[in-house]
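Notes follow once the structure below has been shown.
Excluded from the calculations below are hydrogen atoms, water molecules and symmetry mates; all remaining heavy atoms, backbone and side chain alike, are included. In listed order, ligands and their atoms are each counted from 1.
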Amino acid sequence: MSQIATDYDAKPAGVLEKAVNGHRLTAAEILCLYTLPQNELRAAAHEVRLRRINPELTTYSIGGNIDYTNICVVACRFCAFYRAKHQDGAFTLTFDEIARQMEDLRRIGGRDVLLQGGINPDLPFDWYLDLLRFLKSSYPEIHVDAFSPEEILGLERLTGRDALHILSELKDSGLDGMPGAAAEILVDEVRERTAPTRMRTKDWFRIVDSAMQLGLHNPWVGMVTGFGETLQQRVLHLITLRDQQDRGLELYGSGFTAYKVWPARLEHTRLNGEPYQTDDDVIANEYLRDVAVARLALDNIQNHRAVWRTMGFEVATQALRSGANDLCGTGSINAINACIEAAGKDLPDPTETLIRQVRECIENAGFTAALRDPNYNILARH
Ligand code: SF4
């Protein structure tokens with residue numbers, strides 16, 4: 001990082017033109033982006049997006065998230081999801097419970113599902129293989145992305161085998177892809193402070209590389225901000241992801257399909273009250289800047305996603321004019337059902353409502369909404 005800091009003041013001029021004209025930015029130049037007026041930065045990122053991807057369409061998908069267990073022994077300080085094995089609220093879904101969520105997904109025309117969970121040492125490797133076989137035999141039309149690099153590391157420790165073999169067996173049992181989750185900020189100093197027992201950067205890249213080697217789909221990779229990381233550390237995160245993408249595409253013809261950034265929500269975690277927590281306006285502002293910076297920095301990742309779940313539709317609309325070309329779709333069936341239960345009433349069809357809101361958000365950003373499949377093939381225009 002000293003290299004970035006040394007060059008920082010040297011080249012602020014011309015960085016946006018360089019990026020818009022399709023030239024790769026150095027780490028120092030990416031850091032410079034954070035000093036530029038936000039309207040210029042976001043306009044340049046939007047211009048790059050218009051040049052690289054169909055300028056009329058913004059895509060969305062209909063998919064679901066299934067959290068199969070919240071029992072976890074890693075206990076990240078920023079996580080409000082996990083529970084210890086005997087703690088109130090701890091769960092591991094049965095295959096029947098997972099099937100019910102898959103039926104919900106099928107009912108709304110879902111095409112992909114993302115399964116993730118905690119690091120639960122009580123689940124044997126065969127449980128994962130059986131789950132994938134069950135999903136593929138019962139729901140062959142639904143693309144299955146599952147298990148973050150952290151979960152694969154947990155399986156390495158459980159089985160004594162390496163990621164390449166584990167992922168290979170999972171793939172043979174029906175795994176279509178592995179998400180680039182568990183990245184947050186890929187700088188060990190940040191990880192040690194916020195999640196002392198979480199996987200380190202070296203293991204994350206090793207496991208992602210194994211997945212790319214096997215040609216597994218990677219639906220997205222991301223950055224989670226708001227852990228008191230420096231801008232240099234965000235830049236380092238972007239540069240190392242870009243390097244991995246180069247490597248995956250060159251060696252294996254396989255890489256990250258999309259990138260997304262979102263801010264950490266620390267209110268119900270052990271990091272609540274840390275001095276770097278900020279208010280919503282600051283978070284939204286920073287989020288839009290990070291969306292634009294990523295579009296200009298990650299010249300080898302085609303799709304950049306805007307998130308509405310953490311940011312709301314209004315900010316997501318702005319993100320779609322700041323470099324993003326895809327809007328995270330229906331997301332979590334769990335969350336939808338939880339909303340219905342919390343409301344204590346029969347809502348008409350919350351999923352239909354959600355899909356309508358997603359399309360409106362895209363239209364408000366000035367694009368035609370297009371339903372896509374997991375590989376970004378267009379299925380329908382609205
Ligand atoms: S590994 Fe995942 S589920 Fe476990 S504590 Fe960390 S973020 Fe939460």
Distance to 0.1 Å, residue and atom name: give those for the protein heavy atom nearest to [atom].
atom                    : result
atom 5 (S) of ligand 1  : Cys76 N, 3.2 Å
atom 4 (Fe) of ligand 1 : Cys72 SG, 2.3 Å
atom 1 (S) of ligand 1  : Arg198 NH1, 3.3 Å
atom 8 (Fe) of ligand 1 : Cys79 SG, 2.4 Å

Under a plain distance cut-off of 3.5 Å, with no hydrogens placed, do Arg234 and Tyr34 share a side-chain donor-acceptor pair?
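Side chains of Tyr34 and Arg234: no pair found under 3.5 Å.
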For Gln116 and Phe147, work out which heavy atoms get closest and say how close.
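Taking every non-hydrogen atom into account, CG-N, 4.5 Å.
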Would a distance-only check, ignoring hydrogens and angles, find a side-chain to backbone donor-acceptor pair under 3.5 Å from Ser322 to Val291?
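Such a contact is absent between Ser322 side chain and Val291 backbone.
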Under 3.5 Å donor-acceptor, Thr35 side chain and Cys32 backbone:
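Checking the backbone N and O of Cys32 against the side chain of Thr35, a donor-acceptor pair under 3.5 Å is found.
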With salt bridge (Lys or Arg N to Asp or Glu O under 4.0 Å) as the test, would you mind laying out the steps for Glu141 and Arg111 before giving the verdict?
CA-CA 7 Å; Glu141 79 281 15; Arg111 299 198 164 251; over 6 Å; no
Can you tell me which portion of Ala75 lies within the under-4.0 Å heavy-atom range of ligand 1? Options are side chain, backbone, both, or neither.
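Under 4.0 Å from ligand 1, Ala75 contributes backbone atoms alone.
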Below 4.0 angstrom from a heavy atom of Tyr82, which ligand 1 atoms are there? Numbered from 1 as shown, please.
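Checking each atom against Tyr82, I get 5 (S).
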